[in-house]
Amino acid sequence: MEDIVISGLSKSFAGKPVLEHVSAVLTAGQVTGLTAPSGAGKTTLLRILMGLERPDSGRIAGLAGLRLSAVFQEDRLCGHLSPVANLRLVTPSLTRAQAAEALTAVGLGGCLDQPARELSGGMARRVAILRALLAPYDLLLLDEPFRGLDRETKALVLDDTRRRCAGRTVLMVSHDPAELEAMGAWHRFTIR
């Protein structure tokens with residue numbers, strides 16, 4: 001896989017600029033961190049990378065044909081499905097034992113068959129993170145992935161996430177420099 005190069009990306013909504021001439025390089029096989037104030041267009045940039053929005057100008061090279069996986073700010077789980085079934089939505093070949101092992105690693109071994117709608121916010125967040133990590137992907141996009149997790153749980157999930165995406169291309173949005181550092185995001189950029 002080659003680097004992904006973002007050049008001069010701009011996007012407006014109803015005439016109001018959200019992104020203005022954003023340029024960055026997402027180095028292949030590395031975690032890149034993105035920081036910016038609230039409302040600066042971080043999520044819009046991720047939506048453009050995912051093909052959910054089109055930029056007004058600029059270009060992205062190296063994205064064509066890549067498989068993407070993402071953790072959104074919302075968990076977006078199927079509420080009537082269990083954590084195991086939610087994981088298997090994106091990875092049908094995942095066995096129940098593999099799903100149970102992954103869930104247990106982030107402290108969710110006791111809720112394998114509980115409907116996702118009955119999970120606490122932190123539990124649902126962990127399932128959403130695992131679902132993105134276990135999906136087949138070339139580029140992983142993480143939008144404030146650890147928000148809402150208490151300190152102990154965050155440390156556990158962050159360690160699991162770092163291990164699972166080692167050597168993969170990742171773009172992680174976070175307001176917390178310590179999270180970016182813990183994920184090994186030595187390459188960082190900011191949008192204003």
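Starting from 1, each residue takes its place in the sequence as its number.
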>> Within the 4.5 Å heavy-atom criterion, are L81 and R88 side-chain neighbours or not?
In response: no

>> Using modelled atom types and a 3.5 Å cut-off, is there a donor and acceptor pairing between side-chain atoms of D75 and backbone atoms of A128?
In response: no

> Is the number of heavy atoms from other residues, nucleotides or ligands under 6.0 Å of R151 CZ greater than 12?
Replying inline: no

> In Å, rounded to the nearest 0.5 Å, how long is the span from CG of D138 to CG of L63?
Replying inline: 9.5 Å

> Is the side chain of D113 donor-acceptor paired with the backbone N or O of S82 at a distance under 3.5 Å, no angle test?
Replying inline: no

>> Just so I know, are the side chains of L112 and R96 near enough to count as touching, which here means a heavy-atom distance under 4.5 Å?
In response: yes

> Checking R168 side chain against Y137 main chain: does a donor-acceptor pair fall under 3.5 Å?
Replying inline: yes

> Given the rule in the side chain to side chain contact (heavy atoms under 4.5 Å, CB included) test, do L26 and H187 qualify, once you have shown the distances and angles that lead to the verdict?
Replying inline: CA-CA 8 Å; L26 309 183; H187 305 282; over 6 Å; no

> Which heavy atom of A182 sits nearest a heavy atom of L158, and at what distance?
Replying inline: CB-CD2, 3.3 Å

> What is the distance from atom CZ of R162 to atom CD of E179, rounded to the nearest 0.5 Å?
Replying inline: 12.0 Å

>> Is it true that, when you exclude R76 itself, more than 12 heavy atoms of the residues, nucleotides or ligands shown sit nearer than 6.0 Å to its CZ?
In response: yes

> Is any side-chain heavy atom of R125 closer than 4.5 Å to a side-chain heavy atom of V106?
Replying inline: no

>> Surrounding CD of E74 (heavy atoms of other residues, nucleotides or ligands, distance under 6.0 Å), is the total greater than 12?
In response: yes

> I129, L180: one ILVMFWY side-chain cluster at the under-4.5 Å cut-off?
Replying inline: yes

> Taking all atoms of both residues into account, what is the closest heavy-atom pair of A99 and V84, and its distance?
Replying inline: CB-CG1, 4.0 Å

> Do S174 and E144 have side-chain heavy atoms sitting under 4.5 Å apart?
Replying inline: yes

> Is the shortest heavy-atom distance from the side chain of M1 to the side chain of T169 under 4.5 Å?
Replying inline: yes

>> Set out, in order, the CA-CA distance, both residues' side-chain angles and the distance that settles side chain to side chain contact (heavy atoms under 4.5 Å, CB included) for R164 and L140, then state yes or no.
In response: CA-CA 11 Å; R164 289 183 188 278; L140 177 64; over 6 Å; no

>> Could you report the tightest heavy-atom contact between A132 and S69, atom names first, then the distance?
In response: O-OG, 2.7 Å

>> Go through it in stages, so that I can follow the logic: the residues are F146 and T161, the test is side chain to side chain contact (heavy atoms under 4.5 Å, CB included), and I'd like the CA-CA distance, side-chain angles, deciding distance and then a yes or no.
In response: CA-CA 10 Å; F146 309 116; T161 302; 3.7 Å; yes

> In chain order, what residues pass the salt bridge (Lys or Arg N to Asp or Glu O under 4.0 Å) check against R163, with sequence neighbours excluded?
Replying inline: D160

>> When you group the ILVMFWY residues by side-chain heavy-atom contacts below 4.5 Å and let the links chain together, are L68 and L9 in the same group?
In response: yes

> Should V90 and L130 be counted in the same cluster of Ile, Leu, Val, Met, Phe, Trp and Tyr side chains packed under 4.5 Å apart?
Replying inline: no

> Does D3 reach the main-chain N or O of V5 with its side chain, forming a donor-acceptor pair under 3.5 Å?
Replying inline: no

> Hey, any chance F72 and L19 share a hydrophobic cluster, counting ILVMFWY side chains that come within less than 4.5 Å of each other, even indirectly?
Replying inline: yes

> How far apart are the closest heavy atoms of L171 and F189, and which atoms are they?
Replying inline: CD1-CE2, 3.8 Å

> Is the shortest heavy-atom distance from the side chain of L149 to the side chain of R126 under 4.5 Å?
Replying inline: yes

>> How long is the straight-line distance from CZ of R59 back to OG of S23, given to the nearest 0.5 Å?
In response: 11.0 Å

Listing, residues 31-52 side-chain donor-acceptor contacts under 3.5 Å, not counting sequence neighbours, or none:
unit_1, atom_1, unit_2, atom_2, d
T35, OG1, T190, OG1, 3.0
K42, NZ, A36, O, 3.3
K42, NZ, P37, O, 3.1
T43, OG1, Q73, NE2, 3.2
T43, OG1, D143, OD2, 2.8
R47, NE, E53, OE2, 3.3
R47, NH2, E53, OE2, 3.3

>> Testing the basics here: between G107 and L156, what is the closest heavy-atom pair and its distance to 0.1 Å?
In response: N-CD2, 3.9 Å

> How close do Q98 and S93 get, heavy atom to heavy atom, and via which atoms?
Replying inline: OE1-O, 3.9 Å

> Is E101 atom CD crowded by more than 12 heavy atoms from other residues, nucleotides or ligands, each under 6.0 Å away?
Replying inline: no

> Counting only heavy atoms not in H175, do more than 12 sit closer than 6.0 Å to its NE2 atom?
Replying inline: yes

>> Would you say I191 ends up clustered with L142 if hydrophobic residues are merged whenever their side chains have heavy atoms under 4.5 Å apart, either directly or through other cluster members?
In response: no

> Would a 4.5 Å heavy-atom cut-off, applied to side chains only, mark E118 and C111 as touching?
Replying inline: no

> Does some side-chain heavy atom of L77 sit less than 4.5 Å from a side-chain heavy atom of R131?
Replying inline: yes

